[in-house]
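Below is one structure, written out as structure tokens; comments come after it.
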Amino acid sequence: MSRLEAKKPSLCESEPLTSERVRATLSVLKGIITSCYGPSGRLKQLHNGLGGYVCTTSQSSALLAHLSVTHPILKILTTAMQNHVSCFSDCGLFTAILCCNLIENVLRIGLPPTTVIKLNKHLLSLSTNYLKSEFCGCRIPVNFSNTEMLLCLVRSILTSKPACMLTHKEVDHVSALILKSFLLTIPENVQDRVILGKSIIVPLKGQRVIDSTVLPGILIEISDVQLMKMLPTKNSDSLKVALFCASLSGDLTGTGEGSMVVTYGVSLENAALDQLLNLGNQLVNDHVDLVMCQKVVHPSLKQFLSTHHVIVIDRLGAALMEPLSKVTGTQPIGSLDSVSPSSYGSVKDLSSARFGSKHFLHLITYESTICSFLLCNRNETTWDELKLTCQTALHVLQLTIKEPWVLLGGGCTETHLAAYIRHKACREPESILKDGYSQTELQLVVGAYCSALESLAGSLEHDGGDILTDMKYGHFWLAQTNSPPSINWQDLLSRCGCGLYSSQEELKWSFLKSTQHSFVPQTCLPQETVISANKLILDCYTAKLSGLQMAVETANMILDLSYIIEDQN
């Protein structure tokens with residue numbers, strides 16, 4: 001008998017944030033994430049040392065999917081970021097960097113965690129209330145009758161993902177396609193509730209980005225052999241469609257568990273094929289023009305249907321079943337028994353199409369909110385990154401319908417919000433000091449909170465340039481590296497980070513990392529200024545507001561940890 005190993009006691013670590021090892025690990029993760037942030041963010045290449053898929057990205061969703069962390073504190077942070085990205089698609093890096101900044105700044109000031117946590121909650125409430133208010137100086141209403149604001153939002157998302165490797169012309173082209181595909185998913189006749197359709201991204205790798213296009217309806221990839229075998233269908237106002245989610249291959253793998261009793265001399269294969277041919281007869285008698293199957297169709301059934309001028313498409317996969325059902329009005333058929341005529345649907349027409357080296361069957365529908373986004377890029381790596389970016393942009397547009405606002409991007413919302421919080425804490429401390437905290441404690445926590453926001457904005461610069469903020473609007477300004485000490489900033493600067501304000505105004509600037517003095521940032525956006533501004537940098541209102549809340553709440557949770565108990569068995 002082998003010797004049994006004694007059970008190891010659990011490993012307990014008290015006050016984990018006081019450990020230099022934990023702080024160093026947190027700093028490494030922050031460095032990785034911060035270096036990915038913004039349009040000039042550095043790319044990361046993630047791969048297994050034993051070989052396999054190599055991911056080149058700067059996006060939080062792809063980064064977290066391939067990044068393995070083991071320390072419990074890092075797991076809390078990355079899990080919170082993943083939960084945020086799964087719900088909102090955008091602002092994952094924003095959330096993680098702000099959370100790390102808050103933790104580092106709080107550890108530096110040395111106040112008790114309970115004091116910091118309660119004051120952080122007050123400051124978070126002050127921030128969210130301001131961002132939701134009508135007099136917020138960094139929130140812009142979205143007018144859906146004017147597409148320029150929506151194009152600016154989509155363009156901002158695309159330019160923030162350098163691994164897509166897009167030129168300015170390609171960014172404009174893909175931005176227009178994303179907006180077009182989104183608008184095609186909005187129903188024409190809107191009732192009390194808006195139920196959006198779906199944009200299906202169809203891959204075409206190895207082609208120019210400029211060849212990407214959007215088509216109403218559904219594109220189904222087929223081989224050139226299938227295309228040659230397809231005979232022209234009869235002329236009619238519509239084509240009858242049958243959609244199967246059950247396998248039509250004739251195998252017996254779907255019979256479930258248990259025993260099967262078979263009469264002696266009966267061939268299961270022949271019986272299954274007879275059943276398939278009986279089904280084929282019913283489809284022909286019901287005048288079905290197009291049969292589509294999620295799985296495999298038996299070659300004999302394919303041949304039988306083809307001889308009766310029925311088009312057969314199989315191996316569709318699960319992803320296409322829902323949009324196909326919605327477009328054609330069919331009920332997916334899951335049984336090989338007699339099919340109810342009510343299960344059939346219809347399409348207006350179908351045609352063949354060729355893009356690059358691929359052939360497609362194009363289902364042309366009646367009024368539908370389903371469209372196909374044929375997405376091209378030069379290689380697999382850039383295509384994967386562009387696909388994730390397009391999905392993010394489409395989701396952000398959907399979120400914008402629910403809350404029709406956008407926030408100024410390019411670091412301007414963060415620096416403006418920091419200036420507003422500093423001003424409120426300095427001029428109206430009684431609005432925060434409700435629980436008996438001292439003025440000194442408030443100033444320390446406000447400094448840590450606002451410094452975290454400003455450091456987040458500063459993370460957009462990766463080349464050592466000078467980072468400034470103006471003393472009127474509280475916006476973010478970026479100058480070239482190694483600027484002369486006696487420079488006139490008005491001559492060197494062009495526009496603020498979001499592109500809303502010009503340096504030609506009478507403005508005063510200060511370095512972002514210098515000692516900050518409280519000032520009153522202008523909290524009203526002139527409507528004519530917003531309308532006249534061209535190509536603004538914008539952020540998703542819903543995603544950034546939720547990311548702010550997630551970052552502060554996660555930082556508070558980590559700061560509140562007294563023990564980490566790990567089972568080593």
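These numbers were taken from a predicted model, which means no experiment stands behind them.
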Q) Would you say the side chain of Cys496 lies within less than 4.5 Å of the side chain of Phe476, judging by non-hydrogen atoms? A) no
- Would you mind reporting whether Val202 and Leu375 have side-chain heavy atoms less than 4.5 Å apart? no
- Query: Within the side chain of Ser212, is there an N or O that forms a donor-acceptor pair under 3.5 Å with the backbone of Val209?
  - Reply: yes
Would you check if there is a donor-acceptor pair between the side chains of Asn379 and Thr382 at a distance under 3.5 Å? yes
To the nearest 0.5 Å, atom CG of Leu77 lies from atom CD1 of Ile558 at 4.5 Å
request  = Can you establish whether the number of heavy atoms outside Arg427 located under 6.0 Å from its atom CZ is more than 12?
outcome  = no
Original post:
Taking side chain as C-beta onward, heavy atoms only, is Met557 less than 4.5 Å from Ile76?
Top reply: yes
One should read off an interatomic distance between Asn146 CG and Met149 CE, to the nearest 0.5 angstrom, of 7.0 Å
Assess the residue pair Phe182 and Val154 against the criterion (side chain to side chain contact (heavy atoms under 4.5 Å, CB included)); give the C-alpha distance rounded to whole Å, side-chain angles, the decisive distance to 0.1 Å, and a yes or no. CA-CA 11 Å; Phe182 167 70; Val154 174; over 6 Å; no
| request: Using the side chain to side chain contact (heavy atoms under 4.5 Å, CB included) rule, take Leu74 and Leu26 through it: C-alpha gap first, then chi angles, then the decisive distance, then the call. | output: CA-CA 7 Å; Leu74 299 189; Leu26 191 62; 3.8 Å; yes
Between Asp211 and Arg208, does any side-chain N to carboxylate O distance fall below 4.0 Å?
yes
Quick one: does Ser181's side chain have a donor or acceptor within less than 3.5 Å of a partner on Leu177's backbone? yes
Check your understanding: Side chains of Ile200 and Leu320: does their closest heavy-atom pair fall under 4.5 Å?
Key -> yes
Side-chain donor-acceptor pair under 3.5 Å between Thr70 and Lys75, yes or no? no
Given 3.5 Å as the limit, does a donor-acceptor pair link the side chain of Trp405 with the main chain of Lys132, or not? no
All heavy atoms of Ser61 vs all of Val85, minimum pair found to be CB-CG1, 3.8 Å
ask   = Do Leu512 and Leu468 have side-chain heavy atoms sitting under 4.5 Å apart?
value = no
Exercise for review: For the pair Thr413 (side chain) and Leu408 (backbone), establish whether a donor and an acceptor sit closer than 3.5 Å, ignoring hydrogens and angles.
Suggested key: yes
Does any part of the side chain of Arg42, heavy atoms only, come nearer than 4.5 Å to the side chain of Cys36, both counted from C-beta? no
Item to complete: Hey, can you tell me if Tyr130 and Tyr420 have their rings parallel, tilted or perpendicular (30° and 60° cut-offs)?
Response: parallel
### Query
Taking C-beta and beyond as the side chain, do Arg108 and Asn105 meet within less than 4.5 Å on heavy atoms?
yes
In terms of heavy-atom contacts, Asp539 and Leu153 come closest through C-CD1, 3.8 Å
* To do: Assess the pair Phe88 and His395: is the distance between their ring centroids shorter than 6.0 Å?
  => no
Query raised in the report: When you measure from the side chain of His173 to the backbone N and O of Ile210, does any donor-acceptor pair fall under 3.5 Å?
Result: yes
Margin query: Is it true that Lys30 and Asn101 share a donor-acceptor pair across their side chains at a distance under 3.5 Å?
Written below: yes
Across all chains, not counting sequence neighbours, the side-chain hydrogen bond (donor to acceptor under 3.5 Å, both in side chains) partners of Asp90 are none
Item to check | Verdict with supporting geometry, Glu441 and Lys118, salt bridge (Lys or Arg N to Asp or Glu O under 4.0 Å) | outcome: CA-CA 11 Å; Glu441 289 173 332; Lys118 289 184 179 181; over 6 Å; no
In terms of heavy-atom contacts, Ala457 and Gly411 come closest through CB-O, 3.7 Å
Closest heavy-atom pair, Gly409 versus Cys498, reported as atoms and distance to 0.1 Å, is O-CB, 3.2 Å
In short, Gly38 meets Leu460 closest at the heavy-atom pair CA-CD2, 3.7 Å
Side chains of Ser127 and Tyr449: do they bring a donor and an acceptor to under 3.5 Å? yes
Note to self: With a 4.0 Å cut-off on N to O distance, would you call Arg155 and Asp172 a salt bridge?
What the structure shows: yes
Rounded to the nearest 0.5 Å, the CG atom of Leu388 sits from the OG1 atom of Thr57 at a distance of 7.0 Å
| task | Could you tell me whether the side chain of Gln391 and the main chain of Ala393 form a donor-acceptor pair under 3.5 Å? | result | no
Residues passing the side chain to side chain contact (heavy atoms under 4.5 Å, CB included) test with Leu64, sequence neighbours excluded, are Thr78, Met81, Gln82
- Task: Give the C-alpha distance, both sets of side-chain angles, the deciding distance and a yes or no for salt bridge (Lys or Arg N to Asp or Glu O under 4.0 Å) between Arg139 and Glu134.
- Result: CA-CA 8 Å; Arg139 188 182 76 157; Glu134 294 296 328; 3.7 Å; yes
| message | Can you confirm whether Lys358 is buried at NZ, in the sense that more than 12 heavy atoms of other residues, nucleotides or ligands lie under 6.0 Å from that atom? | response | yes
Under 3.5 Å: donor-acceptor pair, side chain of Gln59, backbone of Glu385: yes
Is Tyr53 atom OH crowded by more than 12 heavy atoms from other residues, nucleotides or ligands, each under 6.0 Å away? yes
Sorted by chain and residue number, the side chain to side chain contact (heavy atoms under 4.5 Å, CB included) partners of Asn83 (sequence neighbours excluded) come out as Thr79
Short question: side chain of His416, backbone of Tyr473 - any donor-acceptor pair under 3.5 Å?
yes
So OG1 of Thr469 and CG of Leu507: to nearest 0.5 Å the spacing works out to 10.0 Å
Between the CG atom in Leu386 and the SG atom in Cys376, the distance rounded to the nearest 0.5 Å is 9.5 Å
task = Look only at the side chain of Ser125 and the backbone of His122, and say whether a donor-acceptor pair between them is shorter than 3.5 Å.
result = no
Practice item. Return yes if some donor-acceptor pair links the side-chain N/O of Arg23 with the main-chain N/O of Leu17 below 3.5 Å, else return no. Key: yes
Output for pair (Trp509 CH2, Leu493 CG), nearest 0.5 Å, gives 5.5 Å
Here the pair of heavy atoms bringing Leu456 nearest to Tyr37 is O-CE2, 3.5 Å
Would Cys138 and Leu131 satisfy side chain to side chain contact (heavy atoms under 4.5 Å, CB included), going step by step from the backbone distance to the final call?
CA-CA 8 Å; Cys138 46; Leu131 293 175; 3.8 Å; yes
Regarding Glu454 and Thr415, is there a side-chain donor-to-acceptor distance under 3.5 Å anywhere?
no
Task: Lys/Arg-Asp/Glu bridge criterion (N-O < 4.0 Å) met for Lys387, Glu380 - done: no
Side chains of Leu219 and Leu374 in contact at under 4.5 Å (non-hydrogen atoms) = yes
Report task. Before giving the answer on side chain to side chain contact (heavy atoms under 4.5 Å, CB included), spell out for Phe144 and Ile401 the whole-Å C-alpha distance, their side-chain angles and the decisive distance to 0.1 Å. Result -> CA-CA 9 Å; Phe144 283 91; Ile401 281 188; 3.9 Å; yes
